[in-house]
Amino acid sequence: MATAADGRGNWGSRAGFVLAASGSAVGLGNIWKFPYMAGENGGAAFLIVYLAIVFTIGISVMLCEFVIGRASERSPVGAFAKLRGGAWPIVGFLGVAAGFIILSFYSVVAGWAVAYVFKSALGLLQTSDPAALGRLFGDFSSHPWEPILYHAAFMAMTVAVVIAGIEHGIERACKILLPLLFLILVALAVRSLTLPGAMEGLKFYLYPDFSKVSAQMVNGALSQAFFSLSLGMGAMITYGSYLARHENLTRATLMVTLFDTAVAFIAGLVILPAVFAFSFDPSAGPGLVFITLPAVFAKMPAGVVFAVLFFVLLTIAALTSAVSLLEVVVSYFVDQRGMRRKRSAVVAGGLTFLLGIPSSLSLGLWKDHTIAGKDFLSLMDYVGSNLLLPLGGIAVTLFVGWVILPRALEEATSRGAHPFSLARGWVFICRWVAPVAIGWILIGGL
Ligand code: PFF
């Protein structure tokens, strides 16, 4: 059993684990990406497809990852090597690559959130004029070096938390701040829903228009489910590896999935009604949160306070996710290469920072340079989220369903200590539904 004494570190408690895994799951994916994806893909129709995927494939993959992590007490590459070996550790390497790619652009967007903490505190965002807010965001995100500075600052914070280690860094940050984020989000939803004209947005969000369903949209929903739940690259394998043997894995899986989904759903209730109330375009893409939310704040009493608080919390939500992305890379160097945590965090963080620079420039100086029709940031997002994560999901479910099933079932029930009534359904999803559906959706979306 992994103990603090073996040098890998451990969670302080089960609540700590659930919160840390939720911290990984809840991030920019929920608050920045989900609302704009729903906006671009026809609102409720996207929501329904998304929920269907989360509660069948998503939740099953998460349990697989926790099982692999705890059964092996290793980070992804070592986990596959220990449980089976052969070519399986390649899956772990793909995860490390995905972590690196996703974190590079993630940190750029998180840097925008950091910048908006200062901009809102300085009162620069106090207008509900959509055009002005749009210009402000455009000028900022296309600036040659200002966003890179914030990207650097965010990366530095991420490295610092990872160096501080499992229990004292990650767990502590999540415990206090996630519940606070949730409360703020609920308050914002109330404000947004009571704006004049908000009901149009609510309709868009909750009445499905199934003509919007397409292969691309289903692929988008699948990618988003993996991204939002932090699946397919071994983040949850890594987190599961630090969990004590007797804890109830299936319950933890359910709690993390529910919490993550609730936050995304509420973020939609904040953003989309406001988008309609202020006549923004719901398919405005990545800038949506940074343009619409300031308009909502400007219409609230004590809006500045809410604005600062919100962007602080968004930064923190992004931080607890970024930490898990970096942790996948770092734990590989620590577990497999025997490197020191501090050194590997600094090196991996530095390289990721460099890879993020073209993503940042792709909104400004390099706007016209596209690869396969995508700017660099979208390309990184596409390769990471739409390709690598679903591929990782196929590998993980096949591994659990066909390669280590008896061991996996033992682990899922904590050696019989916690009954798992849906075990047969889970096995069926792992063996058949998930690999086939993910493969089919992947091919359809290409
Ligand atoms: N789940 C995070 C979010 O929704 O923002 C992003 C993420 C973290 C994706 C960790 C993947 C991952 F392994």
Side-chain angles (χ1 to χ4, degrees), residues 19-38 50 54 58-59 61-62 64-66 68-69 75-76 91-92 94-113 154 158 161-162 170 174 177-178 181-182 185 220-241 256-257 259-268 286 289 313-332 348 352 380-393 395-396:
L19 278 168
S22 302
S24 168
V26 173
L28 297 172
N30 307 61
I31 297 163
W32 163 69
K33 214 170 170 197
F34 180 80
Y36 89 72
M37 289 202 68
Y50 177 77
V54 164
I59 198 167
V61 174
M62 188 182 294
C64 288
E65 291 206 14
F66 284 156
I68 294 174
S75 54
V91 181
L94 282 181
V96 174
F100 190 56
I101 289 174
I102 292 177
L103 184 56
S104 73
F105 77 83
Y106 200 86
S107 168
V108 170
V109 178
W112 301 346
F154 182 80
T158 307
V161 177
V162 170
I170 303 173
C174 296
L177 300 163
L178 273 184
L181 176 78
F182 193 78
L185 219 51
L222 178 83
S223 313
Q224 175 60 17
F226 273 87
F227 187 85
S228 189
L229 295 169
S230 302
L231 302 175
M233 52 161 280
M236 293 306 189
I237 294 181
T238 309
Y239 274 24
S241 77
V256 176
T257 307
F259 186 60
D260 184 70
T261 309
V263 173
F265 179 74
I266 297 171
V289 170
L313 289 170
L314 184 61
T315 302
I316 290 158
L319 187 63
T320 54
S321 301
V323 158
S324 72
L325 286 158
L326 187 61
E327 180 66 26
V328 171
V329 182
V330 168
S331 65
Y332 164 69
T352 315
M380 290 293 104
D381 186 11
Y382 185 80
V383 172
S385 320
N386 295 52
L387 299 179
L388 291 176
L389 297 187
L391 276 178
V396 162

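Just so it is clear, the structure is predicted and the values come from calculations on it, not from any experiment. Residue indices begin at 1 and follow the sequence shown. In listed order, ligands and their atoms are each counted from 1.
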### Task
Not counting sequence neighbours, which residues clear side chain to side chain contact (heavy atoms under 4.5 Å, CB included) with Ala318? List them please.
Leu28, Tyr106, Ala110, Phe154
### Summary
For Gly27 and Ser321 the tightest heavy-atom approach is CA-OG, 3.5 Å
Write none if no such pair exists; otherwise list each N/O atom of ligand 1 with its protein N/O partner under 3.5 Å and the distance.
residue  : atom  : partner : partner atom : Å
ligand 1 : 1 (N) : Ser24   : O            : 3.1
ligand 1 : 1 (N) : Ala25   : O            : 3.0
ligand 1 : 1 (N) : Phe227  : O            : 2.7
ligand 1 : 1 (N) : Ser228  : O            : 3.1
ligand 1 : 1 (N) : Ser230  : OG           : 2.9
ligand 1 : 4 (O) : Ala25   : O            : 2.9
ligand 1 : 4 (O) : Gly29   : N            : 3.3
ligand 1 : 4 (O) : Asn30   : OD1          : 3.3
ligand 1 : 5 (O) : Leu28   : N            : 3.0
ligand 1 : 5 (O) : Gly29   : N            : 2.7
ligand 1 : 5 (O) : Tyr106  : OH           : 2.5

### Results of side chain to side chain contact (heavy atoms under 4.5 Å, CB included) for Val329 - residues two or more places apart only
Val96, Phe333, Ala348
### Task
Compare every heavy atom of Ala235 with every heavy atom of Glu65, then report the nearest pair and how far apart it is.
OE1-N, 3.9 Å
### Message
Is the ring pair Phe227/Phe105 parallel, tilted or perpendicular, if the boundaries are 30 and 60 degrees?
### Response
parallel
## Note on the structure
Residue set satisfying side chain to side chain contact (heavy atoms under 4.5 Å, CB included) with Phe100, at least two apart, ordered chain then number -> Leu351, Thr352, Leu355
